[in-house]
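All figures in this text were calculated on a predicted structure; none of them were measured in a lab.
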Amino acid sequence: MFDVSLLIPDGIIWLLLACSVISIFINPKYWPYALSITLTSAFLLERLTLIGVLAIVIGLGVAAFSNKLTGKWLVTAHCAVLVWVTALVLHLIPGFDNLQILDNVITGPDSIPFTMYLNLDKPMVIFGLLLLVPTMLTPKELEQPRKITLFKLIVLVSLFVLLPALATMLTLVRPELSLPEWLWVFALNNLLFTCVAEEALFRGYIQKLLTQRFNHWIGIMIASILFGLAHFAGGPLFILIAGCAGALYGLTYYWTGRLSMAISVHLGFNLIHLIFFTYPLAASVS
């Protein structure tokens, strides 16, 4: 049973963090103020230590300063921020006390247990990468979102439907209806923290820069492969499915020109997985 009291009073931190993330998509000039309030509350509630604060400030500072650099110094700054991002995603930087809200829960009899945290470190990724690539949300050259054609829409919908079927054929998951009482927390955590951070990294940063350097197919392919490899904990077949899902998100980003659309499709895919299939994997796979 999900204990809502776990969110009191610490939940205020992630509520403020959610406001910081949302402000990026509404009016980006306000997110530094919202994030400052978030980090202050996290520090006062002892979810963030001085080391954690310094790590965030240094990472964001390097990312912000990179816009004034060129040549090898710009490349060095990007590499430094990517190291910072990787350390945040892997929870390697000390000073963050992430809030555990689910501990070895099981969505159904055929599912394996899983644990979920409200992370404070991983969501910092989007703020740093946005400073590196300010046009990741909407390409500067686009005054309006791209109008997606019927053919492209059919391709995206087909991939969205076929991927769960493929995962079932590979016995990674099995059909299993589940509507846990913590579904709303799962959805909000995925939407505002997990999906935003992952799409910012793999689509908004990696795919976008590779597309500018080479072409969109290379950008989508390499970003999708890296996205799949990031899910190595699930095994080779899970890497394959995650890579294909990455291609779906990558096509969505390229064809619509909106990172928010890739985030929405990513969230929808995760919700379909949780509600209609064993989550995160079928028990026999474990």
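Distance CG/D10 to CD1/I101: 11.5 Å, rounded to 0.5 Å. Remark: L183 CG to L271 CG distance equals 6.5 Å, nearest 0.5 Å. For the atom pair S23 OG and L35 CG, the distance stands at 8.5 Å (nearest 0.5 Å). Here CZ of R213 is found 11.5 Å from CG of N215. Values are rounded to the nearest 0.5 Å. M136 contributes atom CE, which lies 5.0 Å from atom CG of L129 (distance to the nearest 0.5 angstrom). The distance from the CD1 atom of I241 to the NE2 atom of H273 is 10.0 Å, given to the nearest 0.5 Å.
A side-chain donor-acceptor contact under 3.5 Å links T38 to the backbone of L16. The backbone N or O of L118 lies less than 3.5 Å from no partner atom in the side chain of N189, so there is not a single donor-acceptor pair.
Separation of the H266 and F202 ring centroids does not fall under the 6.0 Å cut-off. The ring of H78 has its center closer than 6.0 angstrom to the ring center of Y205.
Follow the hydrophobic side-chain contacts under 4.5 Å out from F151 and you reach L159 in the same cluster. Linking Ile, Leu, Val, Met, Phe, Trp and Tyr residues whenever their side-chain heavy atoms come within less than 4.5 Å leaves L120 and I8 in two separate clusters. The hydrophobic cluster containing L162 does not contain I275, counting ILVMFWY residues as joined when their side-chain heavy atoms lie under 4.5 angstrom apart, directly or transitively. Under a hydrophobic-cluster definition in which Ile, Leu, Val, Met, Phe, Trp and Tyr are linked whenever side-chain heavy atoms come within less than 4.5 Å, directly or via other members, V161 and L267 are assigned to different clusters. Linking ILVMFWY side-chain heavy atoms closer than 4.5 Å, directly or via other members, places L132 and V83 in two distinct hydrophobic clusters.
Here L150 sits in one hydrophobic cluster together with I154; the rule is ILVMFWY side chains under 4.5 Å apart, joined directly or through other members. If you chain together ILVMFWY residues whose side-chain heavy atoms come under 4.5 Å of each other, I51 ends up in a group of its own. Cluster note: Y33 groups with Y30 through ILVMFWY side-chain heavy atoms spaced under 4.5 Å, whether in direct contact or through intervening members.
Here the side chains of V173 and P164 are not in contact, with every heavy-atom distance at 4.5 Å or above. Inter-residue side-chain proximity for I12 and L7 is flagged as unmet; no heavy-atom pair is nearer than 4.5 Å. No side-chain heavy atom of I148 sits under 4.5 Å from any side-chain heavy atom of T252. At a threshold of 4.5 Å between non-hydrogen side-chain atoms, the residues D121 and I93 do not count as touching. Two residues are said to be in side-chain contact when any heavy atoms from C-beta on lie closer than 4.5 Å; F186 and M116 meet this criterion. Side-chain contact between P123 and L17 is present, with at least one heavy-atom pair separated by less than 4.5 Å. Using a 4.5 Å heavy-atom threshold, the side chains of V265 and L156 count as separate. Looking at heavy atoms from C-beta onward, E199 lies in side-chain contact with Y249 at the 4.5 angstrom threshold.
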request  = Output, in order, the C-alpha distance, side-chain angles, deciding distance and verdict of side-chain contact (heavy atoms from CB on, under 4.5 Å) for V81 and V85.
outcome  = CA-CA 6 Å; V81 173; V85 164; 4.2 Å; yes
inquiry  = Walk me through whether V196 and V125 qualify under side-chain contact (heavy atoms from CB on, under 4.5 Å).
reply    = CA-CA 9 Å; V196 166; V125 166; over 6 Å; no
ask   = Does the pair N190 and L274 meet the rule for a side-chain contact (heavy atoms from CB on, under 4.5 Å), with working shown?
value = CA-CA 12 Å; N190 267 259; L274 174 66; over 6 Å; no
task = Walk me through it: do W255 and M261 pass the test side-chain contact (heavy atoms from CB on, under 4.5 Å)?
result = CA-CA 10 Å; W255 281 342; M261 291 302 298; over 6 Å; no
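Minimum heavy-atom separation, L170 to L240: CD1-CD2, 4.2 Å. Minimum interatomic distance between R203 and F227 (heavy atoms only, all atoms of both residues): NH2-CD1, 3.5 Å. For the pair G204 and K208, the tightest heavy-atom approach, listed with the atom from each and the gap, is O-CB, 3.2 Å. The heavy-atom pair separating F25 from L137 by the smallest distance is CE2-CD2, 3.7 Å. Of all the heavy atoms in W14 and L99, the pair that sits closest is CH2-CB, 3.7 Å. In this structure, I272 and F277 approach most closely via the heavy-atom pair O-CD1, 3.6 Å.
Considering only residues two or more places apart in sequence or on other chains, H231 meets the side chain to side chain donor-acceptor pair (under 3.5 Å) condition with none of them. Applying the salt bridge (Lys or Arg N to Asp or Glu O under 4.0 Å) criterion to D103, with sequence neighbours excluded, gives no partner residue. For W31, the ring-ring contact (aromatic ring centres under 6.0 Å, His included) partners two or more places apart in sequence, or in a different chain, are F127. Contacts of D110 classified as side chain to side chain donor-acceptor pair (under 3.5 Å), with partners at least two apart in sequence or in another chain: none. Under the side chain to side chain donor-acceptor pair (under 3.5 Å) criterion, D97 pairs with R47, not counting sequence neighbours. Applying the side chain to side chain donor-acceptor pair (under 3.5 Å) test to T107 and every residue at least two apart in sequence or in another chain returns S111.
For the pair E198 and K122, the salt-bridge criterion is met [side-chain N within less than 4.0 Å of a carboxylate O].
For the ring-ring contact (aromatic ring centres under 6.0 Å, His included) condition, the pairs that include at least one residue of residues 94-120, sequence neighbours left out, are F114-W182, F114-Y279.
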Atom pairs and distances, side-chain donor-acceptor, residues 55-76, under 3.5 Å, sequence neighbours left out:
residue : atom : partner : partner atom : Å
S66     : OG   : A63     : O            : 2.5
N67     : ND2  : L131    : O            : 3.2
T76     : OG1  : K72     : O            : 2.8

Cut-off 3.5 Å, no hydrogens considered: what does the side-chain donor-acceptor table look like for residues 216-225, sequence neighbours left out?
residue : atom : partner : partner atom : Å
H216    : ND1  : Y254    : OH           : 3.3
S224    : OG   : I220    : O            : 2.6
S224    : OG   : G246    : O            : 3.4
S224    : OG   : A247    : N            : 3.1

